[in-house]
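Right, one structure below, let's go through it.
Source: prediction; values computed, not measured.
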Amino acid sequence: MLDARRPFLAYCRLELGLAANTLAAYRRDLDRIHAGLEALGLDLATVGPDEVADLLAWLRREHAYAAASLARLMVTLRMYARYLVMEGRLERDRIGLARSPHLWQELPEVLSVDEVEALLHAPPAGPMRPRDRLALELLYGSGGRASEVVGLGLGDLLEGGRLLRLRGKGRKERMVPFHPAGHRALQRYLEQLRPQLDPQHRQEAILLTRRGKPMCRQALWRLVRDCGRLAGIDKPVFTHLLRHSFATHMLENGADLRVVQELLGHANMTTTQRYTHVDAKRLRAVHQRFHPRA
């Protein structure tokens, strides 16, 4: 059986410069891909769209993969196939003709506006409350990923903090306006608490721990989870849920889908289209309200 896992991973590390976590994910995916091919009696040299469908069905059955996990695995498989063609180990890439599993058939679960308000006011009283309140405002107000929010530095506050510079995947930058309530929370934190956490002005990160170190994603995850419980929200609350809520509430209030795409930092519209039926719901409401024959 054609097996080029080791040279492919070396290529990803040395030539593409991929991160260690990405390489570890590719390794796991490739191990399961090869296990599936072996179980099905297939060889990469003869795999096409039909065989890929069989492979995905096997992975779903054996490992209980969700559609999102299968789609991620397909990314790995396509990269692997392109590498094999580039190296002359495959004559042509028939794997690229296979379709990915359909994602986001339903809108991701979101918080209501009232639940968001409760969450934003949930941080308990104490010395760290201004930071905790700002962290939640940044997540919901910018629609940023957890890594983007903890990665914000003082130099990323533009126009006095009314515009944020976020760095997304591939260090791609985008500008996101910060709403007035969030800006007030930012000013309060910068004036009242942050100087105490970093009296020597050694840190660039905005969000700091009690010890004056940059806040990590895990701490942000725990903060959101704990505040969700304090707010009495009867479902798991996590950082990405605020990102979904940001996008949904923007669309429900009339924002254009392409504007939401830009604010979320999606490279293409396909990813943002998970929210299209929210936009369609709004358009139907507008149509019914204003069309004379509706």
Nearest-0.5 Å distance that lies between atom [atom1] in [X] and atom [atom2] in [Y]:
X      : Y      : atom1 : atom2 : answer
Ile33  : Trp58  : CD1   : CH2   : 10.5 Å
Arg72  : Arg28  : CZ    : CZ    : 7.0 Å
Leu111 : Thr248 : CG    : OG1   : 10.0 Å
Leu77  : Leu70  : CG    : CG    : 11.5 Å
Thr76  : Arg27  : OG1   : CZ    : 12.0 Å
Leu197 : Tyr189 : CG    : OH    : 5.5 Å

Acceptor/donor pairs from residues 139-152 side chains to any protein atom, 3.5 angstrom cut, sequence neighbours excluded:
unit_1 : atom_1 : unit_2 : atom_2 : d
Tyr140 : OH     : His249 : ND1    : 2.7
Ser142 : OG     : Leu138 : O      : 2.5
Ser142 : OG     : Gly144 : N      : 3.1
Arg145 : NH1    : Glu148 : OE2    : 2.4
Glu148 : OE1    : Arg145 : N      : 3.0
Glu148 : OE1    : Arg174 : NH2    : 2.8
Glu148 : OE2    : Arg174 : NH1    : 3.0

Notebook entry, point to check: Which residues, ordered by chain and number, are linked to Met175 in its hydrophobic cluster, where ILVMFWY side chains connect at heavy-atom gaps below 4.5 Å, directly or through other members?
Noted result: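 So far as hydrophobic clustering goes, Met175 is joined with Leu158, Leu163.
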
Next item on the list: Could you walk me through whether Glu51 and Leu37 pass side chain to side chain contact (heavy atoms under 4.5 Å, CB included), step by step?
Entry: CA-CA 9 Å; Glu51 290 78 14; Leu37 293 172; over 6 Å; no

If you compare all heavy atoms of [X] against all heavy atoms of [Y], which two are closest, and at what distance to 0.1 Å?
X      : Y      : answer
Pro236 : Leu241 : O-CD2, 3.6 Å
Gly153 : Ile206 : O-CD1, 3.4 Å
Leu23  : Cys12  : CD2-CB, 3.5 Å
Ala185 : Arg133 : CB-CG, 4.4 Å
Gly228 : Val237 : CA-CG2, 3.9 Å

Grouping I, L, V, M, F, W and Y whenever their side-chain heavy atoms are under 4.5 Å apart, do [X] and [Y] come out in a common cluster?
X      : Y      : answer
Phe178 : Leu154 : yes
Val113 : Met250 : no
Leu223 : Trp221 : no
Met79  : Met86  : yes

Next item on the list: Could you go through the side chain to side chain contact (heavy atoms under 4.5 Å, CB included) check for Leu164 and Asp156 one step at a time?
Entry: CA-CA 6 Å; Leu164 307 176; Asp156 298 319; over 6 Å; no

Output side-chain donor-acceptor pairs under 3.5 Å for residues 119-132, partner residues at least two apart or in another chain, one line each.
unit_1 : atom_1 : unit_2 : atom_2 : d
His121 : ND1    : Glu117 : O      : 2.8
Arg129 : NE     : Pro123 : O      : 2.8
Arg129 : NH2    : His121 : O      : 3.3
Arg131 : NH1    : Leu208 : O      : 3.1

Do the side chains of [Y] and [X] get nearer than 4.5 Å, heavy atoms only?
X      : Y      : answer
Pro214 : Gln203 : yes
Phe246 : Val110 : no
Leu136 : Val116 : no
Lys172 : Arg167 : no
Glu173 : Leu166 : no

With sequence neighbours excluded, residues passing side chain to side chain contact (heavy atoms under 4.5 Å, CB included) with [X]:
X     : answer
Arg5  : Asp3, Leu30, Asp31, His34, Tyr80
Ala57 : none
Pro7  : Ala4, Tyr83, Arg89

Note to self: Within the 3.5 Å criterion, strictly below it, is a donor on His183 or Glu137 matched to an acceptor on the partner's side chain?
What the structure shows: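 His183 vs Glu137: no donor-acceptor pair found between side chains.
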
Next item on the list: Please assess Arg194 against Asp198 for the test salt bridge (Lys or Arg N to Asp or Glu O under 4.0 Å), listing each intermediate value before the final yes or no.
Entry: CA-CA 6 Å; Arg194 196 180 183 286; Asp198 183 28; 3.7 Å; yes

Note to self: Leu157 vs Leu186, test: side chain to side chain contact (heavy atoms under 4.5 Å, CB included). Steps then yes/no.
What the structure shows: CA-CA 10 Å; Leu157 301 177; Leu186 172 65; 3.9 Å; yes

Notebook entry, point to check: In this structure, are over 12 heavy atoms from other groups packed under 6.0 Å from Arg61 atom CZ?
Noted result: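 For Arg61, atom CZ is crowded (more than 12 foreign heavy atoms under 6.0 Å).
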
Notebook entry, point to check: More than 12 heavy atoms of other residues, nucleotides or ligands under 6.0 Å from CD of Glu91: is that the case?
Noted result: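 Atom CD in Glu91 is not packed in, count stays at 12 or less.
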
Next item on the list: Verify the ring-centre separation between His244 and His240: is it less than 6.0 angstrom?
Entry: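 Between His244 and His240, which both carry aromatic rings, the centre distance is below 6.0 Å.
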
Next item on the list: Mark yes or no for whether Arg243, through its side chain, and Leu264, through its backbone, hold a donor-acceptor pair below 3.5 Å.
Entry: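 Looks like yes, one N/O pair under 3.5 Å.
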
Margin query: Any salt bridge linking Glu62 with Arg32? Criterion: basic side-chain nitrogen under 4.0 Å from a carboxylate oxygen.
Written below: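 Arg32 and Glu62: not salt-bridged.
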
Note to self: Pair Leu220, Met215 - check side chain to side chain contact (heavy atoms under 4.5 Å, CB included), show working.
What the structure shows: CA-CA 7 Å; Leu220 188 59; Met215 192 178 190; 4.2 Å; yes

